[in-house]
Amino acid sequence: MKKTIGGLAVLLEGNQKNRPIIFLHGFPYDHTMWSAQIAALSDDYYCMAYDIRGLGDSSVGDGQFTMESFVDDLEMMVEEFREGEKPILCAFSMGGYIALRALERMEDKFSAVILCDTASNADDNHAKLERSDVIRRINAQGLPTFSKNFIKKCYTDAYKKEHKEVVNKRIAKSMKFNSIGVKGCLFAMLTRNDMTSFLPSITIPTLVMCGEHDGITPPVKMKAMAEQINGAEFVLIKNAAHMSVVENPEECNEAIKAFLAKL
Ligand code: MLT
């Protein structure tokens, strides 16, 4: 079922009596990046995936976003479930930035977290300059060039060769996003807090997953991140780069199911 909540495009799949999972997608994507996970989990879990404000079919508004406003949106989604229900968070990359900040602000609202191809650090000086340059380039050249170049970096060469149409479809979709929303997300990421010192304070069960060839949030960094979270499991996903959940859904889904079965 699709619905709009507070201006956000939301997909709800499964029986609402089951345990809820909220999926948070990455940048510059939309909720459809989770299709393989939702297909695999919606028989047993109540799955919610929404387009982050500014992206996909969600409202852009004034395009002035912060990590805090993204967490406020997530809190609004939690309120959609039965009172006292604590959803599991499954978050990818930028979604992971939102999830970590949400845990710092209100960990008691969630029962477990799955962090896929993400990072706990804030943008350093170099990354801030890069991100600002992306905003400048989107202003000068429009969104298509950025979408094409960035999305291509998210997949392995093998996947791009074998699934040309999937990748091209993803690029085409992203090119049509509202550039104000895309720039708003860049700004929110550029100004986010460093969450690394918070990692040892996480108390809910945590799964950390990373594509073995992820050059954007590399395995070595994600493994170090997992080591700072009490009892966190780390799973390396083979034959995948940044878009591990899309490139190798079988291994990702297996790891997610095994983790969820232990809760
Ligand atoms: C993402 O996949 O969400 C982005 O790579 C995150 C980022 O640009 O930091």
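Numbering of ligands and ligand atoms starts at 1, following listing order.
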Measure from the side-chain N and O atoms of Arg192 to the backbone N and O of Asn121, and report whether any donor-acceptor pair falls under 3.5 Å. yes
Is Asp72 salt-bridged to Arg105, going by a charged N under 4.0 Å from an acidic O? yes
Is it true that a side-chain atom of Ser174 and a backbone atom of Ser147 form a donor plus acceptor pair closer than 3.5 Å? no
Around Lys223, counting heavy atoms of other residues, nucleotides and ligands shown, do more than 12 lie under 6.0 Å from its NZ? no
Parallel, tilted or perpendicular for Tyr46 and Phe81, by the 30°/60° rule? perpendicular
So, are Lys221 and Asp117 salt-bridged, with charged N and O less than 4.0 Å apart? no
Near ligand 1, which residues have a heavy atom under 4.0 Å away from one of its atoms? Gly26, Phe27, Phe92, Ser93, Met94, Tyr97, Arg131, Phe150, Met189, Ile216, His242
